[in-house]
Amino acid sequence: MADTATLPRTPTRTPPTATVDPRVPTVIADGVHVVYKVHGGGSAKGGAIAALSRIFSRKPAPGVREVHAVKGVSFTAYKGEAIGLIGTNGSGKSTLLRAIAGLQPVARGTVYSHGQPSLLGVNAALMNDLSGERNVVLGGLAMGMSRQQIRERYQDIVDFSGINEKGDFISLPMRTYSSGMGARLRFAIAAAKDHDVLMIDEALATGDAAFQRRSHKRIEELREHAGTVFLVSHGIGTVRETCDRAIWLEAGVLRMDGPSAEVCDAYEAFTSGR
């Protein structure tokens, strides 16, 4: 029998420690494609029989074209991040946000989200014939706030929006507001509640310097409360100041994803050379 003491020893190896990302994902876009139809001018010819034939053959109606607005976009957003979405007009930024919020069907790919993402857009529908005061109540209820919570936060919402600084505009119908006033009130309503994912479409660009300071501070508070903020903006300076990460879309394609300073520099070099 061999003397085990004289046998060569096989050196033991410490198994490599698996790298675990401690960050918590809030939104995952996996190969997202968004295609929608645009109805152009001109009338369909052939009447009901021709229309029925198109339905069975699945051919598009005359004057209808498909727009491939988002093309295979993939990324993961994490808790506590503020992410700027940049790109030239028509690059798919707002369409991507609508897909994340569940307001735009996805043709291919999948969007996973933690909780219900809230989309705040300049064109978000409030009731134009109702007063700002009534819209604060309706907007709060739509976000899941109780009437008691709305009463407690009502004055803070009005003060944050700044629309009463030059008169009692909160009691007037929304149709009397400028686009900037309406956007500020929408942001103030949305910002009154903590969100898992809050998506802002150009709202910050409508306010003065004081409103933008309040908005930036509120975004920081949302991030501290474990939220993720997406900001669509044509103002690169706003993205630099507000966001730590930026995603650049161009013609529906994700061109770059990284630290906001680097992505903004690359985007500005691209646009200056056009």
Side-chain angles (χ1 to χ4, degrees), residues 24 26-27 77 79-83 94 97-98 100-104 113-233 238 242:
V24 177
T26 54
V27 174
K79 182 188 297 184
E81 284 189 315
I83 302 172
S94 297
L97 286 195
R98 288 179 60 81
I100 294 171
L103 302 175
Q104 175 73 50
S113 64
H114 176 71
Q116 176 58 50
S118 300
L119 174 60
L120 168 66
V122 172
N123 296 320
L126 292 181
M127 304 294 288
N128 281 332
D129 289 333
L130 297 182
S131 67
E133 181 179 11
R134 292 296 300 160
N135 274 297
V136 170
V137 176
L138 291 176
L141 291 173
M143 289 194 304
M145 296 167 61
S146 68
R147 290 185 179 275
Q148 179 61 30
Q149 289 174 320
I150 295 170
R151 282 193 292 269
E152 292 172 353
R153 303 176 192 182
Y154 172 79
Q155 194 57 49
D156 288 338
I157 292 172
V158 176
D159 292 344
F160 190 103
S161 70
I163 64 173
N164 262 14
E165 292 176 353
K166 296 182 180 179
D168 186 24
F169 285 97
I170 196 66
S171 64
L172 297 178
M174 283 281 293
R175 66 172 179 270
T176 65
Y177 293 6
S178 67
S179 60
M181 291 169 63
R184 294 199 303 272
L185 183 59
R186 292 181 182 95
F187 182 87
I189 294 170
K193 179 179 182 292
D194 289 337
H195 301 266
D196 292 324
V197 179
L198 176 62
M199 297 176 289
I200 307 166
D201 193 349
E202 287 290 0
L204 299 187
T206 62
D208 57 16
F211 176 77
Q212 291 188 21
R213 284 194 297 271
R214 293 195 297 272
S215 301
H216 295 163
K217 180 180 178 182
R218 180 56 181 144
I219 287 175
E220 289 301 317
E221 292 171 354
L222 288 168
R223 293 171 62 188
E224 290 172 5
H225 287 85
T228 302
V229 178
F230 287 89
L231 172 63
V232 170
S233 180
T238 301
T242 308

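- With sequence neighbours excluded, the residues forming a side chain to side chain contact (heavy atoms under 4.5 Å, CB included) with Thr176 are Leu172, Pro173, listed by chain and number.
- Annotation: the span from Lys217 atom NZ to Glu220 atom CD amounts to 11.0 Å, rounded to 0.5 Å.
- Considering all non-hydrogen atoms of both residues, Val197 and His114 come closest at CG2-O, 4.2 Å.
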Please table the atom pairs, donor to acceptor, closer than 3.5 Å between any side-chain atom in residues 137-145 and protein atoms at least two apart or in another chain.
none

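- In plain terms, the two heavy atoms of Gly80 and Thr228 that are nearest each other are N-OG1, 4.0 Å.
- Contact annotation: the side chain of Gln155 approaches that of Val158 to within less than 4.5 Å [non-hydrogen atoms, C-beta and beyond].
- In this view, Phe160 and Phe187, Phe211 satisfy the ring pair (Phe, Tyr, Trp, His ring centres under 6.0 Å) rule, not counting sequence neighbours.
- Rounded to the nearest 0.5 angstrom, Arg186 CZ and Ile189 CD1 are separated by 8.5 Å.
- In this structure, Ile219 CD1 and Leu231 CG are separated by 6.0 Å, a value rounded to the nearest 0.5 Å.
- Looking only at distances, a side-chain donor or acceptor of Asn164 sits under 3.5 Å from a matching main-chain atom of Ile170.
- Counting heavy atoms from C-beta on, the side chains of Leu130 and Met174 never come closer than 4.5 Å.
- Considering every non-hydrogen atom in both Phe169 and Ile163, the closest pair reads CD1-O, 3.2 Å.
- Taken from NZ in Lys193 to CG in Leu198, the straight-line distance is 10.0 Å, to the nearest 0.5 Å.
- Annotation: side chain of Arg98 is in contact with side chain of Leu119 (closest heavy-atom distance under 4.5 Å).
- Salt bridge status for Arg153 with Asp159: absent, with no side-chain N to carboxylate O gap under 4.0 Å.
- At a threshold of 4.0 Å, the pair Glu221-Arg218 counts as salt-bridged, since one of the basic side-chain nitrogens sits closer than that to a carboxylate oxygen.
- Summarising the geometry, atom CG belonging to Asn135 is positioned 7.5 Å from atom CE belonging to Met127; distances are rounded to the nearest 0.5 Å.
- The OH atom of Tyr177 sits 7.5 Å away from atom OG of Ser161, with the distance rounded to the nearest 0.5 Å.
- Taking each heavy atom of Ala101 and Met199 in turn, the nearest pair found is CB-CE, 3.4 Å.
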